[in-house]
Amino acid sequence: MAPFALLRAAAAALRRRARITSPHPAISPLSHTPTSSPSTSLDPFLNPAAQRHLITLTRRPCPHLPSAAASSYYFERILLSASLPHPFSTSSRSTDEDKDKEKEDIRPSPPPPVSASWVEKWLPEAARPYAMLARLDKPIGAWLLGWPCMWSITMAAVPGELPDLKMLALFGCGTVLLRGAGCTVNDLLDRDIDPKVERTKSRPFASGALTPTQGVCFLGSQLLLGLGILLQLNDFSRVLGASSLLLVFSYPLMKRFTFWPQAFLGLTFNWGALLGWAAIKGSLDPAVVLPLYTAGICWTLVYDTIYAHQDKEDDLKVGVKSTALRFGDLTKQWISAFGAASVCGFALSGYNAELAWPYYPLLAAAAAQLAWQISTVDISDRADCNRKFVSNKWFGALVFWGIVFGRLAS
């Protein structure tokens, strides 16, 4: 009997609130049928929405349910209905207002504001576009370019000793300069594409912050500074380093002609695996540097394919190519194969360089980090792709420290 008492109390409360002045057909909560004749006239002072609601209540029978279920049906479908106006409402605008509120509730919240980089905080306004052009606000590129240099310099060190710290510092400066020059070349050649891509439309040329002439002058200064560093190396390294400029200038064009621009990026970014060894030894040992170079290329195919998935929709619109588009839904299978090949290449290079046992546990940790990236990346989520891409600096660091400890213990 509790449900019936609750229904009667609810109905009485509604009547008191509405202050009914004329009789209306009483509604049975269990059958949804009027207790009086259906021809009872409706109150002419009720608004049209209320009249339609009362007519619906008198004509729509409730399913034949047990008493408890029928009471629940009555509350859920009639008393608690959010889509119908109150039957005794004095305004027909409540439904529209409720719909507007619902639309506001489901409207996506704006993305969180991006914190300003150190370039925007500390550099003069006139220097900011040039720093952004060289990607000084995004150091991950310098890490990815610098690690192959550090690996080979450390492998070439004398067994039982630390690597040449002066050479590491020299290559570190050269990495920042060469990476900045490569970004300048890339943006000059892509200035017609970048405005059409969401991620790149704020770059200096695309946004109009710099003109192509200013970019060419800036590129000249970057190359001159890089030449100053290159001249401090031995003759063989100078020739080897200068030959990398062919890759630096041709890579940005590859995405217009092939689905494998990431492979050309691997050839470019891992040139330091050859140059670092040559700077220490004055020559190349193919048994050591070729597996190391190949491992770096396969590693680049992993991280830059993940990176390319951020732009795949825009790439389709503007007509450029990438391994992200080439692999599609099979991306994880492809990059898993490249990741395995990369780890095997590192192991072979370390074995041929006669690194001691501490190298291999840290290489195993690096392999686990790479496997984590591949297994957990959501290639449809731009933010997650970027997070996994940036995490590759830790992969490079694990390999580097493995080489350091392996060389010290050899």
Side-chain angles (χ1 to χ4, degrees), residues 118 134-136 138-182 222-242 244 268-285 287-293 295-296 299-300 345-346 349-363 365-366 369 390 392-410:
W118 71 271
R135 308 288 197 275
L136 295 182
K138 298 177 180 177
I140 180 59
W143 284 114
L144 298 177
L145 181 62
W147 281 129
C149 306
M150 309 306 171
W151 299 336
S152 59
I153 290 172
T154 309
M155 277 192 175
V158 176
E161 296 185 9
L162 288 171
D164 188 333
L165 298 181
K166 178 183 176 182
M167 195 63 68
L168 289 176
L170 197 64
F171 270 76
C173 295
T175 292
V176 175
L177 288 171
L178 184 61
R179 190 259 181 147
Q222 289 172 304
L223 294 177
L224 282 175
L225 291 173
L227 178 62
I229 292 177
L230 189 63
L231 291 176
Q232 299 183 53
L233 306 180
N234 55 57
D235 292 341
F236 181 78
S237 300
R238 292 172 186 172
V239 175
L240 189 63
S244 68
T268 307
F269 259 48
N270 293 280
W271 198 256
L274 308 177
L275 188 58
W277 183 279
I280 300 297
K281 298 289 190 179
S283 62
L284 293 177
D285 184 350
V288 176
V289 298
L290 289 184
L292 184 64
Y293 186 48
W299 175 49
T300 303
F346 283 119
S349 179
Y351 177 80
N352 292 337
E354 299 179 350
L355 295 179
W357 67 267
Y359 170 66
Y360 298 98
L362 284 166
L363 179 60
Q369 199 275 343
V390 171
N392 279 276
K393 63 186 177 184
W394 303 116
F395 175 88
L398 287 169
V399 174
F400 172 73
W401 286 109
I403 297 173
V404 170
F405 291 125
R407 181 53 74 207
L408 286 173
S410 60

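Below, all heavy atoms of this structure are taken into account, side chains as well, without hydrogens, waters or symmetry copies.
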* Structure fact -> Here the side chain to side chain donor-acceptor pair (under 3.5 Å) pairs for residues 170-181, sequence neighbours left out, are none
* Output the distance between atom CG (Leu408) and atom CD1 (Ile403), rounded to the nearest 0.5 Å. => 12.0 Å
* Asked: Which pairs, with at least one residue in residues 151-171 and sequence neighbours excluded, count as a ring pair (Phe, Tyr, Trp, His ring centres under 6.0 Å)?
  -> Trp151-Trp299, Trp151-Phe346
* Which atoms form the tightest heavy-atom contact between Pro159 and Arg407, and what is the distance? -> CA-CD, 3.5 Å
* Non-hydrogen side-chain atoms of Val239 and Asp235 separated by less than 4.5 Å -> no
* To do: Taking the side chain as every heavy atom from C-beta outward, state whether Leu275 and Ser237 have any atom pair closer than 4.5 Å.
  => yes
* **Pairwise distance CG(Leu145) to OG1(Thr268) - rounded to 0.5 angstrom** => 9.5 Å
* Backbone of Pro148 reached by a side-chain donor or acceptor of Ser152 within 3.5 Å -> yes
* Asked: Quick one: does Arg238's side chain have a donor or acceptor within less than 3.5 Å of a partner on Leu233's backbone?
  -> yes
* Asked: At what distance, to the nearest 0.5 angstrom, does OG1 of Thr300 lie from CG of Leu144?
  -> 7.5 Å
* **Smallest separation among heavy atoms of Ala181 and Leu223, with atom names** => CB-CD2, 4.1 Å
* Measure across Met155 and Ala353 and return the closest heavy-atom pair with its distance rounded to 0.1 Å. => SD-CB, 4.3 Å
* State, with a plain yes or no, whether a side-chain heavy atom of Trp143 is found less than 4.5 Å away from one of Asn392. => no
* Asked: CG/Leu274 to CG/Leu290 distance, rounded to the nearest 0.5 angstrom?
  -> 7.0 Å
* Pairwise distance CG(Leu227) to CD(Gln232) - rounded to 0.5 angstrom -> 10.5 Å
* To do: Ignoring hydrogens and angles, tell me if any N or O in the side chain of Asn234 forms a donor-acceptor pair with the backbone of Ala278 under 3.5 Å.
  => yes
* **Short side-chain to backbone donor-acceptor contact, Gln222 and Gly180, under 3.5 Å** => yes
* Asked: Considering residues at least two apart in sequence or located in another chain, which fulfil the side-chain hydrogen bond (donor to acceptor under 3.5 Å, both in side chains) criterion with Ser349?
  -> none
* Asked: How far apart are the C-alpha atoms of Phe400 and Leu362, what are their side-chain angles, what is the distance that settles it, and do they pass the side-chain contact (heavy atoms from CB on, under 4.5 Å) test?
  -> CA-CA 9 Å; Phe400 172 73; Leu362 284 166; over 6 Å; no
* Measure across Ile229 and Leu177 and return the closest heavy-atom pair with its distance rounded to 0.1 Å. => CD1-CD1, 3.7 Å
* To do: Run the numbers on Val399 and Trp147 for side-chain contact (heavy atoms from CB on, under 4.5 Å), then give the verdict.
  => CA-CA 9 Å; Val399 174; Trp147 281 129; over 6 Å; no
* Validation row: Leu136, Val176 side chains within 4.5 angstrom (heavy atoms) -> yes
* Heavy-atom closest contact (Ala366 atom, Phe395 atom, distance) -> O-CD1, 3.2 Å
* pair Tyr359-Tyr351: side-chain heavy atoms closer than 4.5 Å -> no
* Quick one: closest heavy-atom pair of Leu230 and Ala242, and the distance? => CD2-N, 3.9 Å
